Amino acid sequence: MTTYLLLAMAVPVVGAGFIALLRRSPNAREAASLVTAGALFAIVLRIHGAVSGGARPEVVLAEPLPGIRIALEAEPLGVLFALIASFLWIVTTAYSIGYMRGHHEKNQTRFYLFFAFAIASVMGVAFAGNLFTLFAFYEVLSLATFPLVTHAGTEKAKRAGRVYLGVLFSTSVVFQLLGIIWVYAIAGTVDFEPGGILRGNVAAGLVPVLLGLFVFGIGKAAVMPFHRWLPAAMVAPTPVSALLHAVAVVKAGVFAVLKITVYVFGIEFVAETGASVWLMWAAAATIILGSLVAFTRDNLKARLAYSTVSQLSYVVLGAMLANGLGVIGSGMHIAMHAFGKITLFFCAGAIMVAAHKSEVSQLNGLGRTMPVTFAAFLIGTLSIVGLPPTGGAWSKWFLGVGSVEAGQTGLVAVLMLSSLLSLAYLLEIPVRGFFGKEAGGHGEANGDGGAPGHDDHAHHGAPAWSVAAIAVTAAACVALFVYPEPFYRLMTMVAGQ
Amino acid sequence: MSLDLLVSHYNYWVVIFLMMVGFYILISRGNLIKKIVGLNVFQTSVFMLYISMSKVSAGTPPILVDPYGEADVLFSNPLPHVLILTAIVVGIATTSVGLALAVRIKEAYGTIEEDEINAIEARTEATG
Amino acid sequence: MSAHLPVLQVVVPLLAAPFCLFLRRGRAAWGLAVLASLASWVIALALLRRVLAEGVLSYAIGDWVPPIGIEYRVDVVNAWVLLIVSTIGAAVSLYAGTSVEREVEAPRIPLFYAAYLLCLSGLLGITITGDVFNVFVFLEISSLSAYALIALGQARRALTSAFRYLIMGSVGATFIVIGIGLLYVMTGTLNMADLAQLLPGVWDSNTVKVAYGFLAVGFCLKLALFPLHLWLPNAYTYAPSAVTAFMASTATKVAVYMLLRFFLSIFGAPFSFGVMALDRVLLPLALVAIVSMSLVAVFQVNAKRLLAYSSVAQIGYMILGLSFATATGLTATVLHLFNHALMKGALFMALGCVMYRVGSVHINAMAGLGRRMPWTMGAFVVGGLSLVGVPLTVGFVSKWYLILAALERGWWPVAVLVLLASLLALVYVWRVVEVAYFREFPGEEETREAPWTLLGPTWALVALNLYFGIDAARTADIARRAAEVLMAGIGS
């Protein structure tokens, strides 16, 4: 089984090699990307099979410092994350083929290359066997995604790249690394253990501080005030925003928070010491504030970015509840939000490629020419808000019940309020698309001759590859409502430990 | 501080005086040659420190003294002398490297005055 | 033969130096310099191996028994430093062939290699000797040749930089000689092990304390501890590229070694930390050096000068490790000697490649090089990340131990400060990276990648940066043993 763990790391890297070799022939290059993605998903499925059966394969790659190893270990939470990331990589690759060609992006080889590196580091994060390995791959992920974020190479991209790397590096180095070394100094180990490694070694007063170092130090979880990088990174091409900033990067952040809470602190220990109460409210504040800011953004991708900021804190909140239901809700939300948000980003990208529209206020009536895209957007919206018949309903349910069990009824109110807010700012888009009147007055007059033709172009313009990807993820949102079983089972294994 | 201490350690006072003189020249003069002179005085004071402290009184010299004679003789410990011989060589080498550099600086800048060199450097920096 | 390894370590480059002059032709002199450097690298490896296996090696020069004669004494600490110096020496000598041909006039090239080998043997001599006056002699051999090497730089400012270094360096060396003389007055011996045994008897004497003070100032001048660092930035900026790479990775390291050897092995940790409060004096200086010099580096427009200021800041890290006065802190210091040599060597060599092709290391001159010289800039990026302390590079290993040492003492504000300063490193490294990758290339079309004779040694050091970042168990083990030896003192 350990070979599969190694393969999960090696396959994307080898795939990257092929991508670089095949740079002269775009078709072969994209085929290599797709094959790599498929192979990776098959491998992760195999690991999933073993882990569901109770196996915990483990492999040590190196020992950088005495007693501190770079080790990979598959456990249910990591498998859940790896499953989502590797599956959505296939979909995103398909989507990118349409998007990158339709949008005539430059340097496409570099794009696919670093995409593969990013996925390799995501696998490293997912299967990290200890804090050090997690941190190492976390940083590598930041570096591997930097060329993707700044893909355009413009002055704006450069500035966004500064914010991106600046925030992620500062938080991880100043808070997270300090936390890791502190844990090592206290516990003498940085391994992930069921039930945590801190109990009995540490003064109760220090636990909230340490937990805070991790929650804020994992900048990728975007808990305010360290969320600025996420909207900044939206300068990237849409497939990057979709996979990396709705799925891989941000989920690596919240996944790390959840994993550290469960396996370093231990949820019982956190609950006993009450270390997480102040962080619950930090997360709750981010949930509400993120939603409020999303309201004010007219740019579609920016609105989705702030929606992501808000939704990520649901996962953090679930971890901070420090009870079984909260952890289940937290893990489920990683999955559900991933599928919902990637659908929304795909739609935003399709609209941009086909109709060249990037602002919400420009979308009036577009739904009639791009019905599949806008229908998918509606499904994605429902899943984010947490309404049936979409998978998002399950995670919201567990988070709500978990809050009640933790005795934090105030948080239930926060969850309700935030759902209402996100319903309002997201629903505006399909509503405009389907029922809005097309821009009247001079806008119509100007494009009079070309307007129908332009719309026609839009209809045929959304690349077939992209529409297919959108359909898959939207269908997955619905399917997960009916059949959330695989993710639920994995999370009960995590919570049961 | 008693006069006795002052007198009995007079060699140290000389050394300290020379050291300060050398150091002062080194810091206060802008002329590169004068700086080297200052450095020389500074180093020489250390040579004198070594030499003067190698005088041993009331000891038994290992060589050259009539074994049946009186033990209370004033003699020089040869080791510091040898050390200082080395240090003198080093000092000469330092001086020659310093002078060679001063010559090259004169060729390159047309002056060996520190403030003028600084002015030239500032000007070239400003013009790129 | 193998019994004479300690003396061969110094003698091989020392004897090769005059032959470089006789050879007269640049290529031939280079060949000899490479041979001598590689030989001393092999010797250093063999010495480290033997010391790790057998313990301390003592070699009596000319069979004069210590403490009467001069002793070469190799333990884990200086075997380690010997390896650092000779590794960098070997890499730089390979690199110098192409780089020096471009940057130094042809008639002076044999002189260059003679001075280079003298400097190398001086540094190795300081490290290996067990006699304090011998330290001074080798110090002057290495310093005098270093002044000459720096003066060989292309810009005329190289001359003034070398002159300033000469003045400050000679003052530093003279201070050291005063300290040594006063120690001799008090103990009548120059042998390090002997001194270590005799000194505790005269701890109370003011002369010993004065000697300590002179030595401290002298060493701090030589290792460029803030605020005695003024000679360093210009010297590094205007020296030939190969010289900068060599000096930045070795000279200050050896100076730090001298400090550790004198104050911990000879005077002993109880005297240094207990009586003289060395840790409390050095701690603020180190912190100020780290923060202020990193800040200054951020605002530099010349990439070499930027890295020079970064070096002063990094020296602060080494001194910080010492000022924790614990075994973990010293482990961090000893490790960082090696790690910093690797990263700065790689970075300055990458800049040498830029100099070779572009003729300038001004940050603006590096616009668009990310595409034109991908391997050169790749080396710079990896070296820079190592400087910042990204995991899986050597920089991270150093940082780990430094923070661990701070937390062990309970000094978490120091830990936070160190981490914040590493963000400053990210800022100044990133300034260069952004220019290289985000600006359009303005120059002629012909600018190509640097030749492999430059890239080979550069990437060899880059590879070591990564290798010892991923597998630091061995280096960390050696560093810990060295730290224990230092804490215990030479007498025991």
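Residue numbers start from 1 in every chain, and the chains themselves are labelled A, B, ... in the order their sequence lines are given, proteins ahead of strands. Because the structure is predicted, anything quoted here is derived from the model rather than measured.
With a 6.0 Å radius and a threshold of 12 heavy atoms from other residues, nucleotides or ligands, M48(B) has its CE atom at or below the threshold. Residue-environment remark: CG (D115(B)) exceeds the threshold of 12 foreign heavy atoms within 6.0 Å.
Rounded to the nearest 0.5 angstrom, I84(B) CD1 and F133(C) CZ are separated by 5.5 Å. Atom-to-atom distance recorded for E121(B):CD and S161(C):OG is 7.0 Å, nearest 0.5 angstrom. Atom CD1 of I178(C) sits about 5.0 Å away from atom CZ of F42(B), to the nearest 0.5 Å. Between the CG atom in L101(B) and the OH atom in Y147(C) there is a gap of 10.5 Å [rounded to 0.5 Å]. From I180(C), atom CD1 reaches atom CG of L83(B) across 9.5 Å, with rounding to the nearest 0.5 Å.
Contacts between A100(B) and chain C at a heavy-atom distance below 4.5 Å are absent for every atom of the residue. For L26(B), the part lying under 4.5 angstrom from a heavy atom of chain C is the side chain only. Contact annotation for Y165(C): neither backbone nor side-chain heavy atoms come within less than 4.5 Å of a heavy atom of chain B. With a 4.5 Å cut-off on non-hydrogen atoms, E114(B) touches chain C through its side chain but not through its backbone. Proximity to chain C is limited to the side chain of L49(B), based on heavy atoms less than 4.5 angstrom apart. Using a 4.5 Å cut-off between heavy atoms, Y109(B) touches chain C through backbone and side chain atoms alike.
When side chains are defined from C-beta on, I120(B) counts as touching R156(C), because their heavy atoms get closer than 4.5 Å.
Most heavy-atom pairs under 4.5 Å with chain C, from the set T94(B), V15(B), V97(B): that is T94(B). Note on P80(B), A87(B), G38(B), A102(B): by heavy-atom pairs under 4.5 Å with chain C, the leading option is P80(B). Here T160(C) is the residue among V185(C), I141(C), T160(C), I167(C) with the most heavy-atom pairs under 4.5 Å with chain B. Here L159(C) is the residue among L159(C), L166(C), V171(C) with the most heavy-atom pairs under 4.5 Å with chain B. In terms of non-hydrogen atom pairs under 4.5 Å with chain C, the most contact-rich of L32(B), L39(B), V89(B), I117(B) is L32(B).
Formation of a donor-acceptor pair under 3.5 Å by the Y184(C) side chain with backbone atoms of Y50(B) is not found in this model.
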- Decide yes or no on side-chain contact (heavy atoms from CB on, under 4.5 Å) for V177(C) and F47(B), but give the supporting numbers first. CA-CA 9 Å; V177(C) 132; F47(B) 304 160; over 6 Å; no

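Considering all non-hydrogen atoms of both residues, A151(C) and R104(B) come closest at O-NH2, 4.3 Å.
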